[in-house]
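This report concerns only the one structure given below.
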Amino acid sequence: ISLGLVGSEMCIRDRAIAIREGKNPPSVPAIPRADAQAVLTDKAHEQLALEAAQKAITLLKNEGNLLPLDKSKVRKIAVVGPNAFDGVLGGYSGTPRYRVGVLQGLQNLVGKEVEVKYAQGCDVNTAREDGIAEAVAAAQAADVCIAVVGTTLSLIHISEPTRPRL
């Protein structure tokens with residue numbers, strides 16, 4: 001607003017949606033960047049983005065120094081949750097050149113040395129509960145359970161009365 005790029009009547013949410021969708025509604029002026037492709041593919045920028053992501057990770061509690069996981073001590077890992085497979089990104093993330101979900105990233109990391117069992121559990125977009133028993137069983141049979149939960153952008157934009165109960 002202070003730079004005059006966005007009018008005070010324009011909602012920040014409109015700008016966020018415009019950025020996510022890669023377009024600018026009339027109320028949102030375009031902010032052109034001729035070197036956008038060069039910036040997006042630059043290794044230095046990629047390294048900076050990786051460092052920012054690593055520093056932004058917040059670990060609330062590392063009870064018993066469980067993390068980082070030790071492949072010599074962990075034989076079975078359960079990955080549960082509806083967002084483990086897809087690599088869900090936030091609304092400001094755009095379209096990445098490559099994307100790896102938590103499940104695939106973990107499988108890539110541990111290889112065949114550690115068994116990784118996936119169970120979806122619930123569904124983000126519905127009140128479906130038929131997968132919860134499978135997720136609980138997978139968690140109970142594992143040495144470690146990683147729950148990947150959250151929401152989706154489609155649910156964020158649904159009004160409260162029509163949002164499914166999760």
Side-chain angles (χ1 to χ4, degrees), residues 11-23 40-166:
C11 177
I12 292 173
R13 182 172 176 251
D14 290 343
R15 180 68 184 148
I17 292 168
I19 291 169
R20 183 187 74 226
E21 294 175 354
K23 57 188 172 189
L40 292 173
T41 58
D42 180 75
K43 289 293 178 192
H45 287 112
E46 187 174 290
Q47 182 61 36
L48 181 61
L50 175 62
E51 289 174 27
Q54 289 170 336
K55 289 178 181 178
I57 294 171
T58 302
L59 180 62
L60 298 178
K61 188 173 186 181
N62 191 11
E63 191 170 300
N65 292 318
L66 178 65
L67 297 175
L69 295 177
D70 183 346
K71 289 192 283 188
S72 69
K73 295 178 182 175
V74 176
R75 305 310 320 148
K76 289 183 180 181
I77 299 174
V79 178
V80 300
N83 291 334
F85 187 74
D86 292 329
V88 176
L89 302 174
Y92 295 102
S93 55
T95 304
R97 287 191 313 252
Y98 51 87
R99 161 167 122 178
V100 178
V102 172
L103 177 62
Q104 186 63 55
L106 191 60
Q107 289 170 329
N108 294 349
L109 180 68
V110 300
K112 302 218 181 272
E113 298 174 51
V114 178
E115 178 185 343
V116 178
K117 165 83 172 152
Y118 169 69
Q120 179 177 335
C122 66
D123 182 76
V124 175
N125 296 308
T126 69
R128 196 189 111 241
E129 296 181 2
D130 57 314
I132 292 177
E134 179 188 10
V136 169
Q140 290 173 334
D143 300 316
V144 174
C145 177
I146 298 172
V148 187
V149 296
T151 189
T152 64
L153 290 174
S154 62
L155 275 182
I156 291 170
H157 299 294
I158 297 175
S159 65
E160 192 62 42
T162 59
R163 185 176 295 163
R165 288 190 67 207
L166 302 178

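When reading the values below, keep in mind they use all heavy atoms of this one structure, side chains included, and skip hydrogens, waters and symmetry mates.
- In this structure, the side chains of K117 and E134 come closer than 4.5 Å at one or more pairs of heavy atoms.
- Heavy-atom minimum distance, A138 versus A119: CB-CB, 4.3 Å.
- For the residue pair A84 and Y118, the shortest heavy atom distance occurs at CB-CE1, 3.6 Å.
- Nearest approach of D143 to V74, heavy atoms of both residues: OD2-C, 3.8 Å.
- A heavy-atom distance below 4.5 Å is found between the side chains of I77 and L69.
- Legend: residues meeting side-chain hydrogen bond (donor to acceptor under 3.5 Å, both in side chains) with Q54, ordered by chain and number and at least two apart, are absent.
- Partners of K71 by salt bridge (Lys or Arg N to Asp or Glu O under 4.0 Å), not counting sequence neighbours, listed by chain and number: E113.
- Nearest heavy atoms, N83 versus V149: ND2-C, 3.7 Å.
- In this structure, D123 CG and Q120 CD are separated by 5.5 Å, a value rounded to the nearest 0.5 Å.
- Listed here is the closest heavy atom pair of A135 and G121: CB-CA, 3.8 Å.
- Within 6.0 Å of the CD atom in E63, the count of heavy atoms belonging to other residues, nucleotides or ligands does not exceed 12.
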